Number of protein chains: 2
Amino acid sequence: MPISLGSVQLKIMRVLWSEGKASARQITETLSEEKPIAHSTVQTLLRQLEGKRAVTHEREDRTFVFRPLIKESEVTKSVAQDLLSRVFQGSISGLVAHLLESEEVTPEEMERLQKLVREKSQEVEK
Amino acid sequence: MPISLGSVQLKIMRVLWSEGKASARQITETLSEEKPIAHSTVQTLLRQLEGKRAVTHEREDRTFVFRPLIKESEVTKSVAQDLLSRVFQGSISGLVAHLLESEEVTPEEMERLQKLVREKSQEVEK
DNA sequence: ATCTATCGTTTACTCAAGTAAATCTACTCA
DNA sequence: TGAGTAGATTTACTTGAGTAAACGATAGAT
């Protein structure tokens with residue numbers, strides 16, 4: 001079951017992941033800091049997310065409070081896998097090659113990356 | 001100008017990239033090997049692709065022959081960047097970490113990856 | 001008791017992708 | 001010359017994301 005979210009849906013989820021729970025209103029306000037969005041839009045998207053079992057809600061006073069049902073890692077995983085298979089035919093090195101060429105990469109980032117790869121290599125080795 | 005293609009559109013582009021040029025018919029047949037697709041569907045998508053300047057066509061006899069106008073690297077680049085910023089907030093190591101956890105990675109692939117990272121590190125270093 | 005602000009719900013519209021049937025057009029060959 | 005075929009074009013439907021107005025219910029304030 002591939003979890004597929006649109007870009008605004010993802011932003012909503014991100015608020016929920018970082019806050020743990022939030023009302024529609026809170027989400028609207030958080031998202032609006034960056035770029036205004038109508039409250040009703042957020043509500044519609046929350047219902048869509050509920051439809052695909054990504055969130056749930058419970059009443060608190062008269063307000064719905066939403067909670068994420070899926071973990072961030074599940075989503076990022078499926079999105080990344082989808083990209084990988086669709087665009088790079090499964091080649092991680094192909095993807096990374098592109099990214100390294102086209103992005104500004106800080107030395108710290110390279111450090112982390114190297115460490116990751118080194119560790120993983122150990123495992124695969126034997 | 002971000003180039004955004006749907007998954008079937010991408011498959012069509014891939015045929016064009018690997019063949020250099022192709023008629024709608026050829027594309028239909030190539031794609032149908034994997035999963036049947038109606039010829040008219042392919043034609044519709046080709047027009048969409050033409051609309052977004054991803055391909056062009058010229059007559060050859062009575063047949064339209066299509067050619068890619070954009071390079072594969074341009075597309076993969078924008079898709080990868082989009083993913084990176086949307087889902088991983090720009091963290092390449094975050095993306096790679098996910099992929100390494102969730103994918104089967106062959107030793108050869110790890111090899112390539114290590115090499116890539118090592119080389120890039122050199123550059124960034126100084 | 002009524003007004004008002006705030007929720008949630010309903011409804012609807014746009015856009016892109018995907019799908020494909022139906023139709024138009026023109027060439028080939030019998 | 002007329003039928004059939006292979007191409008292109010037109011048209012249309014479905015789905016999901018995104019957007020938001022309009023409507024309905026209700027708690028609190030005056």
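We name chains A, B, ... by the order of the sequence lines, and we start the count at 1 in each one. Because the structure is predicted, anything quoted here is derived from the model rather than measured.
In this structure, A:M13 atom CE and D:dA17 atom C1' are separated by 16 Å, rounded to whole Å. Rounded to an integer number of Å, the gap from CG of A:L49 to P of D:dG18 is 9 Å. With rounding to whole Å, B:L45 atom CG is found 14 Å from D:dA8 atom P. Distance B:Q48 CD to C:dT19 P: 10 Å, rounded to the nearest Å. For the pair A:E29 CD and C:dC7 C1', the computed distance is 13 Å after rounding to whole Å. The CZ atom of A:R47 sits 9 Å away from the C1' atom of C:dG8 (whole-angstrom rounding). Rounded to an integer number of Å, the gap from B:K11 NZ to C:dA17 C1' is 13 Å. Rounded to an integer number of Å, the gap from NE2 of A:H39 to P of C:dT9 is 11 Å.
Note on B:K52: a side-chain N or O is less than 4.0 Å away from OP1 or OP2 of C:dA17. An OP1 or OP2 oxygen of D:dA20 is reached within less than 4.0 angstrom by a side-chain nitrogen or oxygen of A:T41. Taking 4.0 angstrom as the limit, A:S7 places a side-chain polar atom (N or O) nearer than this to OP1 or OP2 of D:dG18. Phosphate contact (OP1/OP2 of D:dA22, side-chain N/O of A:S40, threshold under 4.0 Å): absent.
Each of B:R25 and A:Q9 was matched to the nucleotide of DNA chain D holding its nearest heavy atom; the match closer to the 5' end belongs to B:R25. Comparing B:I37 and A:S23 by the nucleotide of DNA chain C that holds the closest heavy atom to each, the one mapping nearer the 5' end is A:S23.
For A:Q43, taking side-chain heavy atoms from C-beta onward, the closest of the listed nucleotides D:dT19, C:dT19, C:dT9 is C:dT9.
To the nearest 0.5 Å, the span separating CD on A:E74 from NE2 on B:H98 amounts to 10.5 Å. Rounding to the nearest 0.5 Å places CD of A:E101 at 8.0 Å from NZ of B:K77. If you take CG on B:L46 and CD on B:Q9, they are separated by 9.5 Å, rounding to the nearest 0.5 Å.
A salt bridge links A:E60 with A:K21: at least one charged nitrogen is closer than 4.0 Å to a carboxylate oxygen.
Judged by distance alone, with hydrogens and angles left aside, the side-chain atoms of B:Q114 form no donor-acceptor pair with the main-chain N or O of A:V117 at under 3.5 Å. Remark: side-chain polar atoms of A:K52 are paired, donor with acceptor, to backbone N or O of A:S4 under 3.5 angstrom.
Contacts between residues 56-72 of chain B and DNA chain D, counted as heavy-atom distances below 4.0 Å, involve B:R62, B:T63, B:F64.
Counting all heavy atoms, side chain and backbone alike, B:S78 lies closest to B:I3 at OG-O, 3.6 Å.
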